[in-house]
Amino acid sequence: PPPRPSSFPPRSTTSAVVVRKASSGAPAGGVSVVSEFWAGRYPKFLARESILEGGDFNRWKVVPAAMSIQLSVGSVFAWSMWNEPLTHSLGVVVPCSTDWGIGSVVPVFSAICCVMGCTTAVLGAWMERAGPRLVNTIAAFVFSSGTLLCGYGAMSHHLWALYLGYGVV
C-alpha cells in the first residue's frame with residue numbers, strides 16, 4: 001500500500017531559525033525601565049529575544065542552569081533535616097530553656113510551601129513573557145538572600161528572621 005500522507009509538514013535538515021539579536025543599552029526614550037523590565041526586554045542580555053536558538057546553539061549549556069534550578073527547588077524539601085538541630089541550637093546535646101520548640105520551627109516548611117505555590121501561580125505568566133533567563137536570575141538572588149537571612153536567624157537565634165528568610169523570601 002502507498003504511504004499515508006502526514007498532516008505534519010516535512011522536516012528539513014536545515015531549518016531556518018529567526019534570531020533577533022538584542023541591542024544593548026537602556027530602553028528607548030519615553031519608555032520606562034520598569035515597564036521594559038516587566039515585559040522582559042530589559043536588561044537586554046537577559047531578554048527573551050537574546051536566548052533564541054541560533055546556529056551556534058549548544059544544548060549542553062542549558063544543563064548547568066537546569067541543575068542549579070532543580071537543586072534550589074529541591075533544597076526547600078530538605079527543611080526537615082534542620083528541625084532537630086534548630087531545636088538544639090543553644091543547648092548542644094539537650095535543648096536549652098531558650099531553644100525553640102519543634103512546634104515553632106516546623107511551620108517554616110508550611111510557609112515556604114504556601115509561598116512557593118502562590119509565587120509559581122502568580123509569576124508563571126511573567127516567565128512566559130520575560131523568559132527564563134531573567135526570571136531565574138532574579139529568583140537566584142531572592143533565594144540566596146532568603147537563605148542568608150535564614151542563616152542569620154539561626155545564628156543569632158531570631159525566629160522572625162528564620163520565618164522571613166526561609167518561609168517568605
Side-chain angles (χ1 to χ4, degrees), residues 22 26-27 31-54 57-169:
V31 179
S32 74
V33 173
V34 174
S35 65
E36 288 292 302
F37 177 79
W38 186 249
R41 294 186 293 264
Y42 186 78
K44 298 297 181 187
F45 69 96
L46 295 176
R48 182 182 197 106
E49 291 84 15
S50 67
I51 63 170
L52 295 176
E53 181 179 338
F57 182 74
N58 185 356
R59 288 183 293 210
W60 287 102
K61 292 180 181 176
V62 178
V63 173
M67 287 297 297
S68 64
I69 292 168
Q70 293 300 320
L71 285 172
S72 66
V73 170
S75 69
V76 168
F77 297 102
W79 175 257
S80 61
M81 72 179 246
W82 297 112
N83 286 337
E84 184 79 20
L86 286 171
T87 59
H88 292 74
S89 62
L90 297 177
V92 179
V93 179
V94 293
C96 180
S97 63
T98 56
D99 274 338
W100 298 319
I102 194 77
S104 61
V105 177
V106 170
V108 175
F109 179 73
S110 299
I112 186 65
C113 286
C114 291
V115 168
M116 193 166 66
C118 292
T119 56
T120 301
V122 171
L123 297 179
W126 181 50
M127 175 103 133
E128 291 294 321
R129 274 195 320 272
R133 200 181 269 185
L134 176 65
V135 174
N136 289 327
T137 301
I138 292 170
F141 283 117
V142 170
F143 184 77
S144 299
S145 64
T147 304
L148 289 173
L149 185 59
C150 178
Y152 165 75
M155 188 175 67
S156 62
H157 207 66
H158 292 299
L159 192 58
W160 65 267
L162 200 70
Y163 273 92
L164 185 64
Y166 204 78
V168 179
V169 176

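Since we're looking at a predicted model, the values are computed, not measured.
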Q) Is a side-chain donor or acceptor of S145 paired with a backbone partner of V142 at a separation under 3.5 angstrom? A) yes
Q.
Please find the pair of heavy atoms, one from V115 and one from V168, that lie closest to each other, and give the distance.
A. CG1-O, 3.3 Å
Q: Considering non-hydrogen atoms only, spot the tightest contact between Y163 and S104 and give its length.
A: OH-O, 2.7 Å
Q) Is there a side-chain contact between L86 and L162, using heavy atoms and a 4.5 Å cut-off? A) yes
Could you pull out all donor-acceptor pairs under 3.5 Å where a side-chain atom in residues 65-76 meets a protein atom, sequence neighbours excluded?
residue : atom : partner : partner atom : Å
S68     : OG   : P64     : O            : 3.4
S68     : OG   : A65     : O            : 2.8
S72     : OG   : S68     : O            : 3.4
S72     : OG   : I69     : O            : 2.8
S75     : OG   : S72     : O            : 2.7

Q) What side chain to side chain donor-acceptor pair (under 3.5 Å) pairs are there with at least one residue in residues 110-129, not counting sequence neighbours? A) none
Q) Listed by chain and number, what are the side chain to side chain contact (heavy atoms under 4.5 Å, CB included) partners of T147, not counting sequence neighbours? A) F143
Q.
Could you check whether any side-chain heavy atom of V135 comes within less than 4.5 Å of a side-chain heavy atom of P132, counting everything from C-beta outward?
A. no
**Q.** Value rounded to 0.5 Å, distance of CZ in F77 from CZ in F109
**A.** 5.5 Å
Q) Would a 4.5 Å heavy-atom cut-off, applied to side chains only, mark T137 and F141 as touching? A) yes
Q | Sub-4.5 Å side-chain heavy-atom contact between W79 and C150 | A | yes
Q: Can you see which heavy atom on V106 is nearest to which on N83, and at what distance?
A: CG2-ND2, 3.9 Å
Q: Quick one: closest heavy-atom pair of H157 and T98, and the distance?
A: NE2-O, 2.9 Å
**Q.** L134 side chain near P43 side chain, heavy-atom distance below 4.5 Å
**A.** yes
**Q.** Considering all heavy atoms, the nearest W100-G153 contact
**A.** CH2-O, 3.6 Å
